[in-house]
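Please read all numbers here as calculations on a predicted model, not as lab measurements. Counting starts at 1 for both ligands and their atoms, following the listed order.
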Amino acid sequence: MLLRVENLSKSFPVEFSVFGKPTKFLRALYEVSFEVEAGSIFSIVGESGSGKSTIARILSGIYKASGGQIFYNEKPLEDPSKNRDIQMVFQDPDTSLDPRKTVSFIVEEGLRIQNTVSKRERRRLVLDIVRSVGLTEEVLVKYPHQLSGGQKQRVAIARSLVLKPKLLILDEPTSALDVSVQAQILNLLVELKERYQLTYILITHDLKIVNHLSDHTMVMYLGQIMEIGRTEDIIHKPLHPYTKALLESVPKPGLDNLSKFSIKGEIPSPLNPPKGCPFKTRCPLCFERCQEKPELVDLDNRKVRCHLYKREV
Ligand SMILES: Nc1ncnc2c1ncn2[C@@H]1O[C@H](COP(=O)(O)OP(=O)(O)OP(=O)(O)O)[C@@H](O)[C@H]1O
Ligand SMILES: [Mg+2]
């Protein structure tokens, strides 16, 4: 297994005493466990605030986990920020690319920090990678504001790939782009995955992309896994009422129209999440037992957190 995450938790301090001691925490992740096979695409879906980006930021070393363990190639990964094998592409290239730096500087930066190859070799690697993301060398002297949205995201991808990662975390890589450009970037990502033998963790709101591209899918709600398994099973035979609601909230007929979801009712505040099942306030099938917190149970080739289902014996 390329990546194994066990009981990952994250709490953010949100209120402090006059002495600066945290007095209130927001729990963004509750004991999240999953595995990512080498060469596969693992999708993470869920509404806003479900903890998707928090997972991405912990895996790429931007945030420190509050609990749990990460294993990379079955070895404990104590400090993900030191592991160059894992790189991240952010949602919005406008905020992730430094507007004061040229493309050449931005793409080369990781190599400069790494300082393992000569200046000449760095230039060659930068040019190679810029071409492989479908840009020409003319962009090297340009600044981000001189590029289109799609070109900027190509630069962001090049910046991550120049470090020769094994695992790329794509946090909504196309959601800031025009619809026409989204498909081009997705096609590019598929092509790059083959060429560089990459593994992807793909965070997206777009179930159509999940359905087309990914091997496994994890459905998150308020920091907890609701359902996790093979994409085929999750999309075509969802078990959890939340997964069903996500799928029902997208245009019909057929899965070709799967797109961004929006389910009815407000997501509860993560500062004051419902006791018991987190989805109980919006679930059409809620019953008495949902006052108790459901465990994640193994069922029908996947794991589901819902009292409607019992562990298979
Ligand atoms: N640095 C932070 N400090 C305090 N709270 C945070 C911080 N980062 C994230 N959170 C909170 O943690 C929860 C999960 O946030 P996260 O960004 O992981 O959600 P998400 O699933 O990526 O949502 P979206 O689809 O909107 O990107 C949210 O309630 C968010 O407000
Ligand atoms: Mg996010």
Side-chain angles (χ1 to χ4, degrees), residues 5 7-17 20-34 36 42-68 70 80-81 86-96 153 156 160 168-177 182 185 200-210 214 217-228 234 240 242-243 245-247 249-250 258-275 278-279 281-282 305:
V5 169
N7 300 320
L8 201 66
S9 302
K10 179 68 185 171
S11 296
F12 293 105
V14 285
E15 279 175 26
F16 300 86
S17 72
K21 239 183 116 185
T23 50
K24 188 164 184 168
F25 290 89
L26 181 153
R27 282 196 75 174
L29 294 176
Y30 294 74
E31 280 140 34
V32 172
S33 304
F34 62 92
V36 182
F42 181 87
S43 291
I44 308 180
V45 298
E47 286 164 293
S48 193
S50 55
K52 307 180 299 293
S53 295
T54 303
I55 296 176
R57 293 197 182 112
I58 292 172
L59 293 178
S60 53
I62 302 169
Y63 289 163
K64 204 171 172 304
S66 310
I70 303 165
S81 67
I86 306 179
Q87 294 294 327
M88 185 159 162
V89 174
F90 298 87
Q91 172 174 357
D92 187 356
D94 281 325
T95 49
S96 70
Q153 199 57 317
S160 303
L168 209 54
I169 305 174
L170 305 158
D171 191 353
E172 313 236 15
T174 58
S175 60
L177 306 173
Q182 288 183 359
I185 297 293
Y200 288 163
I201 293 181
L202 175 65
I203 296 172
T204 176
H205 274 93
D206 195 329
L207 291 169
K208 191 162 96 191
I209 297 177
V210 171
S214 71
T217 299
M218 174 161 86
V219 182
M220 301 280 301
Y221 188 70
L222 285 174
Q224 300 188 40
I225 299 175
M226 296 286 107
E227 185 161 3
I228 177 169
I234 303 282
H240 199 289
Y242 180 59
T243 317
L246 287 182
L247 285 158
S249 66
V250 298
L258 283 180
S259 190
K260 292 182 182 182
F261 43 74
S262 61
I263 22 174
K264 291 188 190 71
E266 293 279 306
I267 308 176
S269 162
L271 280 171
N272 192 15
K275 301 253 168 342
F279 189 52
T281 56
R282 298 163 87 196
R305 189 188 298 285

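- Residues passing the ring-ring contact (aromatic ring centres under 6.0 Å, His included) test with Tyr63 are Phe12, sequence neighbours excluded.
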**Prompt:** Would Tyr242 and Glu47 satisfy side-chain contact (heavy atoms from CB on, under 4.5 Å), going step by step from the backbone distance to the final call?
**Reply:** CA-CA 10 Å; Tyr242 180 59; Glu47 286 164 293; 2.9 Å; yes

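- At a threshold of 4.5 Å between non-hydrogen side-chain atoms, the residues Val5 and Ile55 do not count as touching.
- Residue-and-atom listing of protein N/O/S atoms under 2.8 Å from the Mg ion (ligand 2), sorted by chain and number: Ser53 OG.
- Partners of Tyr30 according to the ring-ring contact (aromatic ring centres under 6.0 Å, His included) rule, which considers only residues two or more places apart in sequence or in another chain, do not exist here.
- Within 4.0 Å of ligand 1, the residues that place a heavy atom are Phe12, Leu26, Ala28, Glu47, Ser48, Gly49, Ser50, Gly51, Lys52, Ser53, Thr54, Tyr63, Glu172, His205, Pro270, listed by chain and number.
- Considering CG of Leu29 and CG of Leu222, their distance stands at 11.5 Å, rounded to 0.5 Å.
- Between Met220 and Ile44, the closest side-chain pair of non-hydrogen atoms falls below 4.5 Å.
- Using a 4.5 Å cut-off on side-chain heavy atoms (C-beta onward), Ser50 and Ile267 make no contact.
- Counting heavy atoms from C-beta on, the side chains of Tyr221 and Pro268 come closer than 4.5 Å.
- Looking only at distances, no side-chain donor or acceptor of Glu15 sits under 3.5 Å from a matching main-chain atom of Thr23.
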